[in-house]
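Encoded as structure tokens, the structure appears first; notes follow it.
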Amino acid sequence: MVTASAPGKVYLFGEHAVVYGEPAVPCAIELRAEVTVTERSEGLRVQANDLSLDGFTVEYDGDASGRPDIDVADSLVEAAMGYVNEAIAQVEDAAGVDGSGFEVQIDSEIPLGAGLGSSAAVAVAAIEAGTRELGVELPPEEIAERAYEVENAVQDGQASRADTFCSAMGGAVRVEGDDCRQIGTPDLPFVIGYDGGAGDTGALVAGVRALREEYDFAADTVEAIGDIVRRGEDALADGDLEELGQLMNFNHGLLSALGVSSRSLDAMVWAARDGGSHGAKLTGAGGGGCIVALDGSPETITALEYTPGCEEALRAELDGEGVRVEEQS
Ligand code: PMV
């Protein structure tokens with residue numbers, strides 16, 4: 001039995017545009033997904049708790065036909081099961097085995113589909129736990145690459161390496177195409193607002209793609225997000241929180257123009273700005289879920305707590321540690 005964990009993330013800048021080769025800067029946060037893998041004679045049994053579903057157990061032999069009987073959107077359940085199936089396929093490929101049985105238990109603090117990288121964290125932790133259970137130790141870079149293959153398979157070839165590299169390596173990272181590296185940052189006082197909802201990453205990515213193909217100005221908007229990220233890198237190097245906040249505000253406006261914000265995300269962004277934060281934007285695919293703001297004072301959290309539509313407001317520390325083994329026996 002091996003238990004591994006991996007962190008979720010917020011995007012300081014660059015989600016969606018990163019899918020088209022622009023740079024992005026995701027930052028790992030101290031909210032983790034824990035996955036325990038135990039080898040067994042045959043079949044796959046998956047047990048999930050706290051995935052902002054009520055928790056489910058499903059048992060099946062290798063294919064994804066098993067479906068838990070729970071009252072949530074099919075797309076969310078299929079996605080969750082898809083990530084586990086693909087992660088197990090990566091584990092078997094890395095260990096050079098075929099058709100082994102596994103018991104997989106998922107305990108995640110990261111809400112599902114809310115823009116905090118829950119699927120990437122589950123994929124990364126599952127690959128680490130599964131390969132170690134089979135006696136294979138992979139470097140975090142390879143876990144990141146294999147977890148990217150998982151996301152790519154589940155998201156129909158429309159994924160970037162940003163979430164998975166960030167979750168495997170920890171800290172702040174810069175991702176541009178297949179060029180992925182860790183970067184230094186000043187102390188970043190992240191505040192997160194969560195509307196209790198979720199977005200469908202695949203559908204949102206497809207929506208941006210369609211706009212980009214139809215309108216030159218939408219393609220220009222995607223490029224402008226890349227320009228914001230490049231300016232943001234200078235602001236990070238200078239430790240200039242004012243400028244970072246300004247750029248986050250601009251980034252949110254462009255994401256909103258691309259149709260991936262929502263009423264509740266906009267309400268939380270405005271509350272965070274009114275609360276005196278340096279800046280605020282949605283994080284991740286959008287459509288619902290979370291915003292991230294920069295504020296070292298308690299005021300943005302208070303402002304969010306009084307905002308209709310905000311279910312939870314919390315401070316999130318940057319997590320310098322990526323994937324790690326929690327327990328092995
Ligand atoms: O919402 P999340 O955590 O799945 O992030 C999606 C980020 C996108 O840039 C929209 C897609 C991707 O794979 O990079």
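Only heavy atoms go into these numbers, but all of them, side chains included; no hydrogens, no water, no symmetry mates. Worth saying up front: this structure is predicted, and the values here are computed from it rather than measured. Whatever order the structure lists ligands and atoms in, that order sets their numbers, starting from 1.
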For D93, is there an ion pair with R146 - N to carboxylate O distance below 4.0 angstrom?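 Looking at D93 together with R146, the answer is yes, because their closest N to O distance falls below 4.0 Å.
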
Lys/Arg N to Asp/Glu carboxylate O, E176 vs R174, below 4.0 Å: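 Yes, charged N to carboxylate O under 4.0 Å.
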
Please list, by chain and number, the protein residues whose heavy atoms come under 4.0 Å of ligand 1.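 Contacting ligand 1 under 4.0 Å are K9, Y11, E15, H16, V18, V19, G115, G117, Q155, A159, S160, D163, T201, V205, G284, A285.
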
E321 and R324: CA distance, side-chain angles, deciding distance, salt bridge (Lys or Arg N to Asp or Glu O under 4.0 Å) verdict: CA-CA 8 Å; E321 217 181 338; R324 68 176 182 232; 2.9 Å; yes

For E145, what residues pass the side-chain hydrogen bond (donor to acceptor under 3.5 Å, both in side chains) criterion, not counting sequence neighbours?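 Per chain and number, E145 pairs via side-chain hydrogen bond (donor to acceptor under 3.5 Å, both in side chains) with R161.
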
Y148: which other cluster members, linking ILVMFWY side chains closer than 4.5 Å, directly or transitively?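 Y148 clusters with nothing; isolated.
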
Clusters formed by hydrophobic residues whose side-chain heavy atoms approach within less than 4.5 Å: which one holds Y306, and what are its other members?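 Members other than Y306 - counting any ILVMFWY side chain reachable under 4.5 Å - there are none.
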
